[in-house]
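One structure below.
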Amino acid sequence: MDNWLEGLEPIVDHQDLKVPYRYSMGAITSKFFIEIRDHKKILGIKCPQCNVVFVPPRSTCGRCFSLLKEWVEVSNRGTLQTYTVVHYPTPVQPVPPPLIYGIIKLDGADTGLAHLISETDYERLSIGMRVEAVFKEERAGNMLDIKYFKSI
Amino acid sequence: MSEKGGSLLLAEFDAKFPYDYSAGRYASYFLKQLKDHKRIMGIRCPKCQKVFVPPRPACGYCFVRNTEWVDMGDEGTLWGYTIVQFPFLDPMTGVERPIPYGYGFIELKGATTRLQHFVTAADLNKLRIGMRMKAVFREERKGNLADILYFKAIEE
């Protein structure tokens with residue numbers, strides 16, 4: 001009765017959904033990326049009331065709702081707060097696995113910045129490890145103008 | 001990526017969602033017949049005799065397993081349609097289909113259910129419900145529903 005199943009190869013159809021996307025970064029994030037692009041400088045923004053320095057910068061303090069206007073330069077070196085090592089490949093990753101995502105608290109900042117960690121043996125990763133930003137040669141004004149952070 | 005010299009940045013990119021659709025046994029058979037023989041297959045419920053196109057493993061009316069494949073031929077009746085004037089991305093390909101185009105429900109001869117597909121006519125404005133339609137197949141068929149390019153109105 002079910003002989004139609006004999007020799008039937010299951011079909012897997014590959015499809016590529018693409019969604020074109022325009023992201024307006026706004027004044028604060030634009031300045032952050034322009035400084036990285038033009039001067040390889042990483043800026044944070046300081047809350048006038050609770051003195052927290054946010055990196056990446058934001059327009060309001062999430063703790064006291066103050067408007068943030070005071071730009072401060074932070075170091076391109078910092079401390080690894082946490083990380084994960086990705087071995088599983090997916091077509092949407094920025095670089096092929098194994099790749100490391102880390103959260104880096106830059107010297108002078110009070111918040112962590114999520115970015116890639118490279119030039120680092122992933123078996124030697126540790127929380128508290130010192131890392132440094134590696135900038136791209138050709139910078140375009142986006143997050144990947146910092147190529148990754150590497151261990152010092 | 002951004003306006004050089006300006007103080008506001010705009011990021012433009014394509015978010016990509018590559019996608020593998022596992023068709024399963026029934027749809028695999030359906031697509032294989034379509035690809036190899038340009039046959040549009042339906043499946044008949046052994047109990048109520050309803051014929052489902054596209055095929056499904058179980059009859060939704062009597063909850064019994066469908067087993068009898070039926071070659072539906074390539075002609076049917078236009079059951080409902082719309083003319084699309086607003087361009088948007090085709091999720092199968094990630095590109096916009098040129099407008100205007102027709103999209104409709106086709107009731108293949110002998111089928112209980114209707115198949116959704118692109119519909120066209122020599123003059124798109126002359127599409128009418130009840131028109132007889134014929135499937136136009138892709139030359140190089142790949143085993144997906146786009147192996148049927150569209151259903152075209154038969155000129156009387």
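Per chain, numbering begins at 1; letters A, B, ... match sequence-line order.
- Evaluation of the ring-ring contact (aromatic ring centres under 6.0 Å, His included) test over residues 83-112 of chain A, restricted to residues two or more places apart or in two chains, returns A:His87-A:Tyr122.
- Following chains of ILVMFWY side-chain contacts shorter than 4.5 Å, one can reach A:Leu43 starting from A:Ile28, so the two form part of one hydrophobic cluster.
- Contact record, B:Tyr21 with A:Gln15: CB-NE2, 4.4 Å, taken as the closest heavy-atom pair.
- B:Pro18 has its side chain within reach of A:His14: a pair of non-hydrogen atoms, C-beta onward, lies under 4.5 Å apart.
- In terms of hydrophobic clustering, with Ile, Leu, Val, Met, Phe, Trp and Tyr side chains grouped at heavy-atom distances under 4.5 Å, B:Val70 and B:Phe52 are assigned to a common cluster.
- More than 12 heavy atoms of other residues, nucleotides or ligands shown are found within 6.0 angstrom of CD on B:Glu96.
- B:Phe13 and A:Tyr21 have tilted rings, their planes meeting at an angle from 30° to 60° on a 0 to 90° scale.
- Note on B:Phe137: it clusters hydrophobically with B:Met41, by side-chain heavy-atom contacts below 4.5 Å among ILVMFWY residues.
- Counting heavy atoms from C-beta outward, B:Tyr19 and A:Leu17 have side chains that stay 4.5 Å or more apart.
- The contact between A:Leu5 and chain B is made entirely by side chain atoms (from C-beta outward), counting heavy-atom distances below 4.5 Å.
- Distance OH/A:Tyr23 to CG/B:Leu10: 10.5 Å, rounded to 0.5 Å.
- Under the 4.5 Å side-chain criterion, counting only non-hydrogen atoms from C-beta, B:Leu9 is in contact with A:Arg37.
- For the pair A:Ile11 and B:Lys32, the tightest heavy-atom approach, listed with the atom from each and the gap, is CD1-N, 3.9 Å.
- Looking at heavy atoms from C-beta onward, A:Asp16 lies out of side-chain contact with B:Lys16 at the 4.5 angstrom threshold.
- Taking hydrophobic clusters as Ile, Leu, Val, Met, Phe, Trp and Tyr residues chained together by side-chain heavy-atom distances below 4.5 Å, A:Met129 does not share a cluster with A:Val86.
- Note on A:Val85 and A:Ile104: same hydrophobic cluster, where clusters join Ile, Leu, Val, Met, Phe, Trp and Tyr whose side-chain heavy atoms are under 4.5 Å apart, directly or indirectly.
- Atoms CD and CG, on B:Glu12 and A:Asn142 in that order, are 12.5 Å from each other to the nearest 0.5 Å.
- Applying the 6.0 Å contact sphere to CZ of A:Phe135 captures more than 12 heavy atoms from other residues, nucleotides or ligands.
- Considering every non-hydrogen atom in both B:Ser7 and A:Ser30, the closest pair reads O-CB, 3.2 Å.
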